[in-house]
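Structure, as structure tokens:
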Amino acid sequence: MDIDWDELRAVATDMLEHAYVPYSHYPVGAAALVTDGRIVSGCNVENASYGLGLCAECGLVSNLAATGGGQLVAFVCVNKDGDIIMPCGRCRQLLYEFSVPGMLCWTVAGIRTIDEVLPDAFGPRDLEAVR
Ligand code: THU
């Protein structure tokens, strides 16, 4: 599948303006290509109860489910300068749940697979293994 990384990054960057970040002042935009070719995206949404803040990736996976499901083929997230950032640890797990095997991530070290970004991941297959 062809991945238009520049378009993905542009969609992630466009999401920055929707971020709700009155506490950290650190907007994050995320975008991903889905198996059926559509692009899903999200931004971070914080909360006065700080620990309840939602990362951009939370919005992205919610957008994925709400617009028809599928699996993620390629992912990117950016900060307010439009620079590539790494998904936080929790969000790597969120993304893993919905990733195709070998999903690609644009990282600070270039394009990496989800397995490089989250090695030896725990996932749905581990649950199936003991059913
Ligand atoms: N943040 C994300 O949205 N995604 C990440 O992967 C890294 C961190 C958000 C959470 C918080 O709203 C702000 O960035 C500062 O940590």
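As the structure is a prediction and not an experimental result, all values here were calculated from the model. Both ligands and their constituent atoms are indexed starting at 1 by order of listing.
Counting non-hydrogen atoms of other residues, nucleotides and ligands closer than 6.0 Å to CG of D2 gives a total of 12 or fewer.
Remark: the backbone N or O of M86 is not paired with any side-chain donor or acceptor of T107 at under 3.5 angstrom. Using a distance-only test at 3.5 Å, with no hydrogens or angles considered, a donor-acceptor pair links the side chain of S99 to the main chain of Y96. Formation of a donor-acceptor pair under 3.5 Å by the N44 side chain with backbone atoms of A19 is not found in this model. Judged purely by atom type and a 3.5 angstrom limit, E57 has no side-chain atom pairing as donor or acceptor with the backbone of C91.
Within the 4.0 Å heavy-atom shell around ligand 1 one finds P87.
Protein heavy atom at the shortest distance from atom 16 (O) of ligand 1 is Y26 CD2, 4.7 Å. In this structure, atom 4 (N) of ligand 1 lies nearest to the protein heavy atom E57 OE1, 2.9 Å. Of all protein heavy atoms, the one closest to atom 10 (C) of ligand 1 is C55 SG, 3.8 Å. N44 ND2, 3.5 Å is the protein heavy atom nearest to atom 13 (C) of ligand 1.
Of all the heavy atoms of C88, the ones lying under 4.0 Å from any atom of ligand 1 are found in both the backbone and the side chain.
Scanning both residues, G82 and R9, for their nearest heavy atoms gives O-NH2, 2.9 Å.
Close approach of ligand 1 to E46 (heavy-atom distance below 4.0 Å) involves ligand atoms 11 (C), 12 (O), 13 (C). Atoms of ligand 1 lying under 4.0 Å from at least one heavy atom of A56, given by number and element, are 2 (C), 3 (O).
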